[in-house]
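What follows is one structure encoded as structure tokens, with my remarks underneath.
These numbers come from a predicted model, not from an experiment. So you know, we letter chains A, B, ... as the sequences are listed, proteins then strands, and number each from 1.
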Protein chains: 2
Amino acid sequence: MSVDEATAQSQACPIVQVIDRVAGKWSVAILAATLSEPVRYTELEQAMPGISRRMLTLTLRNLERDGLLTRTVYPTIPPRVEYLATDSARELFTHLDGLTDWARRHQPDIIQAVEEFTASQQ
Amino acid sequence: MSVDEATAQSQACPIVQVIDRVAGKWSVAILAATLSEPVRYTELEQAMPGISRRMLTLTLRNLERDGLLTRTVYPTIPPRVEYLATDSARELFTHLDGLTDWARRHQPDIIQAVEEFTASQQ
DNA sequence: CAGAATCCCTAGAGATACTG
DNA sequence: CAGTATCTCTAGGGATTCTG
């Protein structure tokens, strides 16, 4: 691939779109938690140690907006809201497996590269 | 996968590590441009329309630090510096193809989902 | 040519308190 | 229970200027 081709591809690049959609600090974790079964708001809050209500709600809204998550409200008292990943999100996750493998295989290399680089900067 | 399993996986999650490494605004584009041949600093600057020198240098340094890019200095006058993606980065990119396919296939769905969601918020 | 240094501004994210 | 509403802080990123 030439530099120009790379540039053109990067502009409307599908990969960039995927990354943008999933780059949030909690997005992947929340999707992973809702892949196989509906999960309630409070369950998610407990499953994500350290997340604030604000970020939980914001991330859920974004995922719902992008069609990666469905939000189902049961109008009971007290209210009950369940979140479930869509087929689209499940399919996305199958493609993430390749990346996961890469990360696992190259983790030592990366750590070493970072150490060497840091050392070379004194 | 249970909620707890998803949580545990998300903590030291390899996927999160990959995303963190590639989530920068210009990282993927720069890697793509240097995949097949060494590219000079100025060539990169011209190939990435809109990038500032600051971000170009910062992104290059991060990629170099993570072992995804090599930086070769030719001590000539004027100086000449070439950047080239490593094998590690090239292998990473093969795994990005799956994501690219997903993005291309689901682009219409996502656009529609966003439109419907926006509409439903009045 | 290939950067380093500086200033600034905004979006992402945390903490806390309030509510249908 | 499942959210809003504020306030705040930091890091990512842009614009501009300086230099070996």
Side-chain angles (χ1 to χ4, degrees), chain A residues 3 10-11 13 16-17 19-31 33-34 38-66 69-84 117 120-122, chain B residues 3 10-11 13 16-17 19-31 33-34 38-66 69-84 117 120-122:
Chain A
V3 173
S10 74
Q11 289 313 90
C13 182
V16 174
Q17 297 178 18
I19 292 175
D20 283 350
R21 233 156 276 287
V22 161
K25 183 170 177 182
W26 305 98
S27 303
V28 175
I30 288 179
L31 275 186
T34 57
V39 184
R40 298 184 63 172
Y41 186 90
T42 309
E43 289 178 310
L44 281 174
E45 192 181 355
Q46 290 160 1
M48 311 286 147
I51 197 173
S52 65
R53 284 214 164 89
R54 177 187 134 82
M55 284 316 296
L56 179 54
T57 302
L58 271 180
T59 308
L60 287 170
R61 288 295 174 280
N62 285 336
L63 294 174
E64 187 195 356
R65 170 177 52 79
D66 295 343
L69 202 69
T70 61
R71 176 174 181 268
T72 311
V73 183
Y74 298 92
T76 58
I77 296 177
R80 170 191 183 87
V81 181
E82 285 184 348
Y83 294 91
L84 180 65
F117 182 85
S120 73
Q121 310 296 95
Q122 297 114 30
Chain B
V3 172
S10 74
Q11 289 315 88
C13 181
V16 174
Q17 298 178 18
I19 291 176
D20 282 351
R21 232 156 276 285
V22 159
K25 183 171 177 180
W26 305 96
S27 304
V28 175
I30 289 180
L31 275 186
T34 58
V39 184
R40 299 183 62 171
Y41 186 89
T42 309
E43 290 178 309
L44 280 174
E45 192 182 354
Q46 290 160 359
M48 311 284 147
I51 196 173
S52 65
R53 281 213 165 90
R54 175 186 137 82
M55 283 317 295
L56 178 55
T57 302
L58 272 180
T59 308
L60 287 170
R61 288 293 174 280
N62 285 335
L63 294 174
E64 186 194 359
R65 171 178 49 82
D66 295 343
L69 202 69
T70 61
R71 175 175 182 269
T72 310
V73 181
Y74 299 92
T76 59
I77 297 177
R80 169 191 184 88
V81 182
E82 285 183 348
Y83 294 91
L84 180 65
F117 183 83
S120 74
Q121 309 298 94
Q122 307 114 28

Side chains of [X] and [Y], heavy atoms from C-beta outward: is any pair under 4.5 Å?
X       : Y       : answer
A/Thr72 : A/Leu84 : no
A/Leu56 : A/Ile30 : yes
B/Leu63 : B/Leu31 : yes
B/Leu44 : B/Ile51 : no

When the nearest nucleotide of DNA chain D is assigned to A/Val81 and to B/Gly24 on a heavy-atom basis, which residue is associated with the more 5' position?
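Upstream on the strand: A/Val81.
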Sequence neighbours left out, what passes salt bridge (charged side-chain N to carboxylate O under 4.0 Å, His left out) with A/Glu64? Give chain and number order.
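Salt bridge (charged side-chain N to carboxylate O under 4.0 Å, His left out) list for A/Glu64, sorted by chain: empty.
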Contacts of B/Arg21 that satisfy salt bridge (charged side-chain N to carboxylate O under 4.0 Å, His left out) - sequence neighbours left out:
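Residues passing salt bridge (charged side-chain N to carboxylate O under 4.0 Å, His left out) with B/Arg21: B/Asp66.
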Whole angstrom value for the distance that separates [atom2] of [N] from [atom1] of [X]:
X       : N      : atom1 : atom2 : result
A/Glu64 : D/dA2  : CD    : C1'   : 14 Å
A/Leu60 : D/dC1  : CG    : P     : 17 Å
B/Asp20 : D/dG12 : CG    : P     : 10 Å

Shortest non-hydrogen contact from [X] to [Y]?
X        : Y       : result
A/Phe117 : B/Arg61 : CZ-O, 4.1 Å
A/Arg71  : A/Tyr83 : NE-OH, 3.2 Å
A/Ile19  : B/Ala23 : CG2-CA, 3.9 Å
A/Arg65  : A/Asn62 : NH2-OD1, 3.0 Å

Within the 4.0 Å heavy-atom criterion, would you say A/Tyr83 contacts the bases, only the backbone, or no part of the nucleic acid?
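Result for A/Tyr83 = sugar-phosphate.
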Using a heavy-atom cut-off of 4.0 Å to chain B, what are the terminal contacting nucleotides of DNA chain C, in 5' to 3' order?
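Under 4.0 Å from chain B, the extent on DNA chain C is C/dC1 to C/dT6.
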Using five base pairs at each end to define the local axes, how bent is the helix from C/dC1-D/dG20 to C/dG20-D/dC1, to the nearest 10°?
50°
Nucleotide by nucleotide, nucleotides 14-20 of chain D touches protein heavy atoms under 4.0 Å in the pattern (B base, S sugar-phosphate only, - none) BB----B
Does D/dG3 have OP1 or OP2 under 4.0 Å away from a side-chain N or O of A/Arg71?
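So the side chain of A/Arg71 is within the cut-off, an N or O lying under 4.0 Å from OP1 or OP2 of D/dG3.
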Any salt bridge (charged side-chain N to carboxylate O under 4.0 Å, His left out) pairs touching residues 44-54 of chain B, not counting sequence neighbours?
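Non-adjacent pairs meeting salt bridge (charged side-chain N to carboxylate O under 4.0 Å, His left out): B/Glu45-B/Arg53.
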